[in-house]
Amino acid sequence: MKTGPSLHLGLPLAVGAIFLAAWEGLVRVLAVPVFVLPPPSRIVVSLVTDFPLLADSLAFTLAITAGAFLCAVLLGVGLAVVFAHSRLVELALMPYAVVLQVTPVVAIAPLVIIWTGFDHAPVALFILATIVAFFPVLSAMLLGLRSVDHGLRNLFELYGAPRWRVFVSLELPSALPHLLGGMKIAGGLALIGAVVAEFVAGSGTATGLAWRIVESGNRLDMPRMFAALLLLSVAGVAIHLALRALEHRLLRRWHESAVHREN
Amino acid sequence: MTADDLVRLEAVDKRYSQGTLALSGFSLGIRRHEFVSLVGPSGCGKSTVLRLIAGLGQPSAGTIAWGGGGKAKRDIGFVFQDPTLMPWATVADNVRLPLRLAGIEAAKAEPPVRDMLGKVGLDQFSRSYPRELSGGMRMRVSVARALVTRPSTLLMDEPFAALDEITRFELIEELLALWQDQPWTVVYVTHSVFESVYMSNRVVVVAARPGRVVAEIVIDEPFPRAPAFRGTARYADYCRQVSDALRASHRGPPP
């Protein structure tokens, strides 16, 4: 079956519209209280009226997410390069990277907030979101660096390429598809990390979307809570789409995953 | 080592770290401008010989000596069994790679790259990516890349084994034409008796693991060799000689 761009966009939109219409209708027919489940129309009203407040919170959460994502990419790529070139360092440090990955962020958040100080909550959020996001980058990049074509390695060796040239001209482009896959996962995890960390650690004087959700819940202001949730989802989808666009741009001419084939 | 020898392998052993003895007492001299084919069963160490000549590994015992003060040692083109192209780079960038690694600036590298692409019939595809090419075209890119530095020695490891019969014949003719044009020394690894006899000055038969030379058959026929050579009685006789030597090599190592 052929799936054109209109189907790619139209089908999920149609499903969403049906779902929202059913939600609106059921809530009205069954007279569900707003503090239990607000209708979509009330959420939209809240989104519009509370937008300045929510936009500030969104900006705060996105700033933490972007910073953590960038740091996770730098840290993950850097560690992967070191691990790929030194088995000894990998043996020494990899277990600790795994420990950080498997330890729930909610469990270490209180420690991090104590270490950074309660006055520096954004720093704690940034560290926690980075910890959540960096492992997929490390793991994917390491796999990419280890998957370099052996024949091409031999070719570079045959022509006496220096170590830096092998890295820049061979290892980095070879690992790029893996890295981009890891970055797509890390982008979502950075946002999740930023939100979960704020739930646990708070956000100091600034207020992110997580805190806005907690606050709205405490006030039984469900329309605003749903509006904040909606913004979070939109932000997550936007991050994913941006990274997918980057992946497409960098791989579209040559990588199997981005090439459209006709049999 | 004789004055004519470009490179000589003397009593070379190669044992890999996992314990496999790939070569044992392998001795072979390769003369300048010679087209030598190594023929032998799978796993007999033919590719190992090429890799040792290329310096992609060291012999466990024995010596590899180069004539001419070792200058030719750094002047090698290698065509692998697979095209081994960088998928993220265009055809022209793939061919340009050895020049780039040698530090030659882009402007100076352009004429030889264009020249080689023309010689292998890919000048219209310089901006294509490897995935957009057929198997035969990719192998042409690989040959062009190996020759772009005008090396004195060309090492070829079953380069056409994965191609269909027609494409293989085409590429063999093209390779021989290029060799006539500029006679580098060629060491060519193949499974095909027919291919080796058609292309070479000399066919070296390598015994099953551990690899060693068991026969050398000189193909005393003039170049250029037209496809009609394949239909002659002499060609059939050479093929029979090589096949007999191969069969004998299967009987295993001497006691």
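Treat the numbers as computed from the prediction; the structure is a model and nothing was measured. Convention: sequence-line order gives letters A, B, ...; per-chain numbering from 1.
Counting heavy-atom neighbours within 6.0 Å of A:F19 CZ, excluding the residue itself, gives a total of 12 or less. Few gaps surround NE2 on B:H191; more than 12 heavy atoms of other groups in view lie less than 6.0 Å from it. Within 6.0 Å of the CG atom in A:L88, the count of heavy atoms belonging to other residues, nucleotides or ligands does not exceed 12. No more than 12 heavy-atom neighbours from other residues, nucleotides or ligands sit within 6.0 angstrom of CZ on B:R127. Shown here is A:L91, whose CG atom has more than 12 heavy atoms of other residues, nucleotides or ligands within 6.0 Å. A:R244 CZ: 12 or fewer foreign heavy atoms inside a 6.0 Å radius.
Neither the backbone nor the side chain of A:L176 comes within less than 4.5 Å of any heavy atom of chain B. With a 4.5 angstrom heavy-atom cutoff, A:R253 touches chain B via backbone and side-chain atoms both. Neither the backbone nor the side chain of B:Q81 comes within contact range of chain A; no heavy atom of the residue lies under 4.5 Å from a heavy atom of that chain.
Here the CG atom belonging to A:L155 is positioned 9.0 Å from the CG atom belonging to B:L56, to the nearest 0.5 angstrom. The line from CZ of A:R252 to OH of B:Y129 is 8.5 Å long, rounded to the nearest 0.5 Å. Expressed to the nearest 0.5 Å, how far CG of A:L170 lies from CE of B:M86 amounts to 8.0 Å.
In this structure, the side-chain hydrogen bond (donor to acceptor under 3.5 Å, both in side chains) partners of A:R153, at least two apart in sequence or on a different chain, are A:E171.
At a threshold of 4.5 Å between non-hydrogen side-chain atoms, the residues B:R51 and A:N154 count as touching. Residues A:D149 and B:F80 form no side-chain contact, since every pair of their non-hydrogen atoms from C-beta on lies 4.5 Å or further apart. Two residues are said to be in side-chain contact when any heavy atoms from C-beta on lie closer than 4.5 Å; A:F156 and B:L97 meet this criterion. Within the 4.5 Å cutoff, side-chain heavy atoms of A:S169 are placed close to those of B:R100.
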Exercise. What do the steps show when you test B:W88 against A:L172 for side-chain contact (heavy atoms from CB on, under 4.5 Å), and what is the final call?
Worked result: CA-CA 11 Å; B:W88 57 86; A:L172 266 186; over 6 Å; no
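When each of B:T90, B:L101, B:L85, B:D82 is checked for heavy-atom pairs under 4.5 Å with chain A, B:L101 comes out on top.
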